[in-house]
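See below for the structure under consideration.
Below, read A as the first sequence line, B as the second, and so on, with proteins coming before strands; counting in each chain starts at 1.
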2 protein chains.
Amino acid sequence: MPKVGMEPLRRKALVDAALRVIGDHGSLSVTMSEIARQAGVSPALAHHYFGSKDQLLIETIRFLLRRLRDDTVTALRAADTPRARLSALIRVNFQADQFAPATIAAWLAFYAEAQRSEETRRFLVIYARRLRSNLLADLKPLCPTDAAERIAEGAAAMIDGLYIRQSLRSAPISIEASISLTEDYINSALAALAKGQTP
Amino acid sequence: MPKVGMEPLRRKALVDAALRVIGDHGSLSVTMSEIARQAGVSPALAHHYFGSKDQLLIETIRFLLRRLRDDTVTALRAADTPRARLSALIRVNFQADQFAPATIAAWLAFYAEAQRSEETRRFLVIYARRLRSNLLADLKPLCPTDAAERIAEGAAAMIDGLYIRQSLRSAPISIEASISLTEDYINSALAALAKGQTP
DNA sequence: TTTTATTGATTGATCAGTCAATCAATAATA
DNA sequence: TATTATTGATTGACTGATCAATCAATAAAA
């Protein structure tokens, strides 16, 4: 055989390259040639391993999702109270690598793509649900379930919104400011509840 | 066929068609032919009036922006206290036509496009700034300026986030629920302030 | 006649995807 | 050890399709 065992290396290199190209091109309208060139291989090889451009893009979004999930798991492990886990959850979503312009551009591009590709949409729905349910799990110990559901929904929306707004790079908010805005939302929502419960 | 004075009619028909095609295609990767067909004219005519596909797309986003601004002006006129104007502002952003799937898809597509096209980006920045500053103007009478700025930022993000999440059509939130989530955020943020100020 | 509206036909560029052919590492064989 | 068969890795060249953009020609109004 030839240099056996190239496949996993090439796949990784191609996904990385795809992410980079999408990132600084700011769109999924990138060519296989460009991706392949960035990965240092021929366009034909990219097709050999992924079958189609769509498939390579799907793998790329899976990668983004997996990275976020892994970061989340790690962050949650380090926190031990519900409130601390909420903070960890927020922080993860604004972590440096998630906030990198290229990453933001890629997420955005995939959001747009989700309107066309059912498979892409499924992945993003998974992300959206996961964020919401992670928040929910740690809000439930802190307030009634129905309130927890609303706050989880609101916090998830705020996180996504801050993230998207970042993509415009107008009046860019710092990571810390984004985090504290979300923290404040949860704090005051919980405080308003507590006040309402003991009138 | 050629009656004089067709230009404005054709331009409008083409922009409408572009919006529709972008909407149900869920992407800016639409062809001039498709848009022209929807508008009932030849592709060549679309080029005749707009010069290029990019230009037609630019006009399309201007149209979206203008519609939102007009709706905003109308809504603000009908409200007379700062708090009422805040509610009006929120409501406008979740109005039925803004919430239509095709409209959401188009906004999303333009967000992605903004990563590539400086002109598109400028338009979206205008939108983002306008939302923020409208909110700010009516928050200022209700709380200290620095707090108003934070709340405006947070509310704008929540609105955008709810909007984006709607595009995934998973666990779709009703218009009313989206509105009340944003209202609650403002209410509890203001309440937390009031409480903090008179301890 | 001059101007405006409109189109069919065409061009040139871009790409995804295919394919036949080559390269090189290994394992089996002699 | 030397030879050979096998096969994953890799590519250059090509194809077919798609599109934006152009243009020359025509039809109707002014």
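Between B:Arg67 and B:Thr103 the shortest side-chain heavy-atom distance falls below 4.5 Å.
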Q: Go along nucleotides 11-16 of chain D 5' to 3' and tag each nucleotide: B for a protein heavy atom under 4.0 Å from its base, S when only backbone or sugar atoms are that close, - otherwise.
A: BB----
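Contact check on A:Glu118 versus A:Arg121 returns a salt bridge, with a Lys/Arg side-chain nitrogen under 4.0 Å from an Asp/Glu carboxylate oxygen. Using a cutoff of 4.0 Å between basic side-chain nitrogens and carboxylate oxygens, B:Asp138 and B:Arg83 are not scored as salt-bridged. Salt bridge absent: B:Glu59 and B:Arg66 never bring a charged side-chain N and a carboxylate O closer than 4.0 Å. Salt-bridge check for B:Arg20 with B:Glu34: failed, with every basic side-chain N at 4.0 Å or more from each acidic carboxylate O.
Computed from coordinates, the A:Leu9 CG to D:dG8 C1' distance equals 14 Å when rounded to whole Å. With rounding to whole Å, A:Asp54 atom CG is found 16 Å from C:dC15 atom P. Taking atom CG on B:Leu28 and atom P on D:dC19, their separation rounds to 14 Å, with Å as the unit. For the pair A:His47 NE2 and C:dG17 P, the computed distance is 4 Å after rounding to whole Å. Atom CE of B:Met32 is separated from atom P of C:dA13 by 20 Å (rounded to the nearest Å). Atom CD1 of A:Ile35 is separated from atom P of C:dC15 by 12 Å (rounded to the nearest Å). If you measure from atom CZ of B:Arg37 to atom P of D:dT18, you get 12 Å, rounded to the nearest angstrom. In this structure, A:Phe50 atom CZ and D:dT10 atom C1' are separated by 15 Å, rounded to whole Å.
Counting only residues at least two apart or in different chains, ring pair (Phe, Tyr, Trp, His ring centres under 6.0 Å) contacts with residues 37-96 of chain A comprise A:Phe94-A:Phe99. Counting only residues at least two apart or in different chains, side-chain hydrogen bond (donor to acceptor under 3.5 Å, both in side chains) contacts with residues 155-172 of chain A comprise A:Tyr127-A:Asp160, A:Asp160-B:Arg165, A:Arg165-B:Asp160.
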Enumerate donor-acceptor pairs with a distance under 3.5 Å from any side-chain N or O in residues 69-76 of chain B to protein atoms, sequence neighbours excluded.
residue	atom	partner	partner atom	Å
B:Thr72	OG1	B:Leu68	O	2.7
B:Thr74	OG1	B:Asp70	O	3.0

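In the set C:dA5, D:dC19, D:dT10, C:dA5 carries the atom at the smallest distance from any side-chain atom of B:Glu7. When the nucleotides C:dC15, D:dA21, C:dT6 are ranked by their closest atom to the side chain of B:Lys53, D:dA21 comes out on top.
When heavy atoms are screened at a 4.0 angstrom cut-off, A:Tyr49 is found touching the sugar-phosphate backbone but no base atom.
Here B:Arg10 reaches the OP1 or OP2 of C:dT6: one of its side-chain N or O atoms lies under 4.0 Å away.
Consecutive Watson-Crick or G-U pairing (both distances under 3.5 Å) extending over three or more pairs maps onto DNA chain C as C:1-30 with D:1-30.
Checked against ring pair (Phe, Tyr, Trp, His ring centres under 6.0 Å), B:Tyr185 has the following partners two or more places apart in sequence or in another chain: A:Tyr185.
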